[in-house]
Each structure stands twice: as structure tokens, then as C-alpha cells.
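As the structure is a computational prediction, the values presented were derived from the model and not from experiment. Residues: numbered from 1 along the sequence shown.
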Amino acid sequence: MLYLGLDVHSKWTTINGFDSVSGQTVFWERINNDRDSFEAVLGSLEGPLCGAMETGTSCWSIYRMLAPFFEKLLVVDPVEVWGRKVRRGAKTDARDAMTLAVKLSRGELCGLYVPDEQTQDLRSLGRAKIQATQLVTKLNNEIWSLLKSWGFGIERSLLSKQGDKILAEAASRLPEHTARVLEMWTRMLHEAQAVVAELQERIEEAASNDEVCQKLMTIPCVGEFTALVMRAEIGDIRRFASARHLVSYCGLCPTLSMSAGKGKSGRLSKACNHALRYVFALRGKCGSRLGRDNPLSQTYWRTAIRHSPNDGGIAVARQLVRVVYAMMKNGTDWNPEHLHRQRQTAESPPAAAAAGTA
């Protein structure tokens, strides 16, 4: 078995490794990241090949070029390889690649999920919508702040038709340079809104042609955008052993600090999939508007009354993650009766305890 570590950069890759039987080492420095260059190097090696590479911006495209040459190729998290501490001493691509090869031969590395091309394509669409929406919010805040600094009282949303009238009136009353800045901000805002509208059309089309998205959209608070982000970012549901693992992946579980055998819960973890956290948190806030008979709404108000509205939204988001996990794993549609039965089972005492009480 030939174990190879690959230190991947945007333009080239350094390969370093060894044969586990003969102990002979192999090394190639700065191989161009194209199929022909990889074939010239890896095609001449006698297999089987086993490799590992760190995740990064271009790792998925490079992985697909390299995968045909390897019997086993892992994409690993750099934190798993190096830890969170700062590395000291000399650091070179060759040493990093050899470290990957050694850890791989010892079985110390665990591969990450590699999305297929369709899933990666849908991820690009959903993440672009999130970024564009956040850009619209940022531009709106910039314009609002600019107008407030000149004494304009704004009582209407600037994203509506009445908002356009407010901006036109303000531009005629502002000084020359400020009016020009307002004009540029407004033009950027309208362009960003057009991008959001086009992305939404593409998302609706993609969701209508995807079976998983159609099932997720049977949930009362889930539309095309939310369903597509859930389907694309989760990918293969089988990679999560339980719903708790998916809750952690979405960043909806609190951090835990241990000292002297005692644990203390902190804020929500930031080590997560930010796109999933964004959509689940948004849907969690809708829990108060789903109707009295909806189990998600009941979860919201039960938690919000005891704690706070923010805690109620997080509780709904966690419950929604568990619902999505069950639906994607079993291939079923939304059924509120399942949540009602789960709550009754959790709240009812065990049979033996009930008999003893009687």
C-alpha cells in the first residue's frame, strides 16, 4: 500500500508519501492542478494508492480529478490533523504532506463528506441567495444611517415603493456630495434586489424539480429557499448517526465547559454549517405565527413563556432539525401527529412508575 499526503494549493499540489511494505518514499513538488499533470505522476505508480488532503476552497474539484487514481482518498479537516494550537518550527509543503501520509497510515484521520456535483451546485445557489440578502440588508442600513445623519426621520421601509419616494425627496434636499453618495447607494441597492429576485426564481425552479425539496416543503414554515438550503447543505442524511449529530452540525447546541467534574453550558457553538444555522434560526422565529394547533408553535410559546422569545425560537429550530432528519431518513412528508405522540410519550410516566403511584 502506498500512502500519499497531498498539500493542495490553488495552482499546484505537493505530494509526499511512502510504501508501507518497502519503506521507499516518493515525492513530487508543485504539480500543476490539472488532470494531465496528475495522470503523468500518479498513473505511473503501482497501486493500490491511499491518500489524504486537507479541505479548502478548491478541494472538491481537485478531489474529483484525483479520485480515479486512488483506492481510498480522504478529505480531512485541518483542525483534526494539526489541532487548534499554533504550530511552531519550520513548516513546508513537503512536511505537511508527509504528516498527512503518516497519520493516514496509522488510521488517525477521518474523512469529511464530499458532496456530488449536483449537491455542490445547489449549495452555490442557496449560499448566493443568503449573501445577496445580507448585502441588501447592509445597503439598506447604510442608506438609513446616511439619511438619519442629515436629520431625516424615516418611518417607512426603504425597500418598498414608498421608500423610493423617500429617497427621491431626500436626494433633492441633500448637499451635492451627499446626494451623489445616496444615488450610488440606491443604485447598488436596486441591483442587489434584482440579483435576489433572479436567485429566488432559480431556487423555486430547482426546488420544484427536486423530490427531497418537495417533501420538506410540506412543513408549514418551509418554502422553496429553506427547503433547497436544507437539502443541499445536509446532503446525504446517512452521514449523521442521529438527529443530535445534525443539531450539532447546524450549530444549535450550546457549548459545554467542564471543570472539576462539573459542566456548564454556554452560548451556541460557532463551529457549524452557517447556512443551515441561518435558515433554521429564521424558521424558528416563525414558531409564534404557525397557529395554536401546530406542535412547533406550541414548543415556541411553552419555551418563550418560561424563558425568552429568543429561547423559544432556538427550541423550535432544534425541533425542526429533528423533524427534517426523520423526514429525510424515512422519505416521508410532514405529519404533526408524530410530534404530538413524541411529546405525549416524553411527558407520560413509565408504566412501572404509574403502577407504583396507583
Side-chain angles (χ1 to χ4, degrees), residues 1-20 23-128 130-131 232-233 235-236 239 249 270-275:
M1 177 71 74
L2 190 60
Y3 292 96
L4 301 178
L6 301 96
D7 192 78
V8 179
H9 295 266
S10 59
K11 296 181 180 180
W12 64 77
T13 297
T14 297
I15 301 178
N16 201 359
F18 59 92
D19 191 323
S20 59
Q24 182 179 1
T25 60
V26 293
F27 174 68
W28 291 272
E29 188 174 13
R30 294 199 173 189
I31 304 170
N32 292 331
N33 290 340
D34 58 75
R35 191 177 300 275
D36 294 337
S37 299
F38 287 135
E39 186 174 2
V41 172
L42 299 175
S44 60
L45 297 177
E46 295 184 1
L49 305 182
C50 188
M53 56 184 288
E54 295 179 7
T55 184
T57 305
S58 58
C59 66
W60 305 136
S61 59
I62 301 231
Y63 173 88
R64 296 189 183 100
M65 285 191 289
L66 291 171
F69 302 102
F70 286 83
E71 179 178 307
K72 180 181 180 182
L73 179 60
L74 301 182
V75 179
V76 298
D77 186 355
V79 174
E80 181 185 0
V81 181
W82 312 108
R84 297 186 181 276
K85 296 183 180 180
V86 178
R87 286 177 286 168
R88 301 183 182 275
K91 176 185 180 300
T92 64
D93 294 347
R95 289 187 178 185
D96 289 353
M98 180 56 76
T99 300
L100 287 171
V102 171
K103 287 181 175 289
L104 179 64
S105 66
R106 295 174 181 172
E108 299 176 1
L109 300 180
C110 180
L112 300 176
Y113 167 70
V114 179
D116 53 39
E117 293 186 2
Q118 180 186 7
T119 301
Q120 185 179 353
D121 190 32
L122 293 178
R123 282 185 177 184
S124 300
L125 193 58
R127 293 177 182 181
I130 294 174
Q131 295 292 333
E233 298 295 338
D236 188 357
R239 66 191 179 108
Y249 183 70
K270 294 184 178 180
C272 63
N273 185 302
H274 295 282

(Q) With side chain to side chain contact (heavy atoms under 4.5 Å, CB included) as the criterion, how do L6 and I62 come out once you've worked through the C-alpha distance, each side chain's angles and the decisive distance to 0.1 Å? (A) CA-CA 11 Å; L6 301 96; I62 301 231; over 6 Å; no
Q.
Walk me through whether C59 and V8 qualify under side chain to side chain contact (heavy atoms under 4.5 Å, CB included).
A. CA-CA 7 Å; C59 66; V8 179; 5.9 Å; no
Q: Determine, stepwise, if the pair D96 / T99 fulfils side-chain hydrogen bond (donor to acceptor under 3.5 Å, both in side chains).
A: CA-CA 5 Å; D96 289 353; T99 300; 5.3 Å; no
Q) Hey, mind stepping through V26 and L4 against side chain to side chain contact (heavy atoms under 4.5 Å, CB included) and telling me if it holds? A) CA-CA 8 Å; V26 293; L4 301 178; 3.4 Å; yes
Q: With side chain to side chain contact (heavy atoms under 4.5 Å, CB included) as the test, would you mind laying out the steps for L66 and M53 before giving the verdict?
A: CA-CA 10 Å; L66 291 171; M53 56 184 288; 4.2 Å; yes
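In this structure, the side chain of N16 does not engage the main chain of R95 through any donor-acceptor pair within 3.5 Å. Without hydrogens or angle criteria, E29 side chain to A94 main chain gives no donor-acceptor distance under 3.5 Å. At least one donor-acceptor pair under 3.5 Å links the side chain of D34 to the backbone N or O of S37.
The nearest pair of heavy atoms linking L109 to L74 is O-CD1, 4.0 Å. The two atoms that bring G17 and A101 nearest to each other are CA-CB, 4.1 Å, heavy atoms only. D19 and M1 get closest at one heavy-atom pair: OD1-O, 3.6 Å. In plain terms, the two heavy atoms of T14 and D93 that are nearest each other are OG1-CB, 3.7 Å. For the residue pair R64 and R35, the shortest heavy atom distance occurs at O-NH1, 4.5 Å. In terms of heavy atoms, Y113 sits closest to W60 at O-CH2, 3.5 Å.
In this structure D236 satisfies the salt bridge (Lys or Arg N to Asp or Glu O under 4.0 Å) test together with R238, sequence neighbours excluded.
Annotation: side chain of L104 is in contact with side chain of C50 (closest heavy-atom distance under 4.5 Å). Side-chain contact between D7 and L100: absent, with no pair of heavy atoms (C-beta onward) separated by less than 4.5 Å. Using a 4.5 Å heavy-atom cutoff, the side chains of R127 and E233 are in contact. In this structure, the side chains of I130 and H274 stay at 4.5 Å or more apart for every pair of heavy atoms. Annotation: side chain of T13 is not in contact with side chain of W28 (no heavy-atom distance under 4.5 Å).
A distance of 8.0 Å separates NZ of K72 from OH of Y3, quoted to the nearest 0.5 Å. For the atom pair CD (E54) and CD (E80), the distance works out to 10.5 Å, reported to the nearest 0.5 Å. Here the straight-line distance linking atom CG of L2 with atom CG of L45 works out to 6.0 Å at 0.5 Å rounding. Note: I31 CD1 to W12 CH2 = 13.0 Å, rounded to the nearest 0.5 Å.
In summary, the side chains of S124 and D121 do not present any donor paired with an acceptor at a separation below 3.5 Å, with no hydrogens or angles considered.
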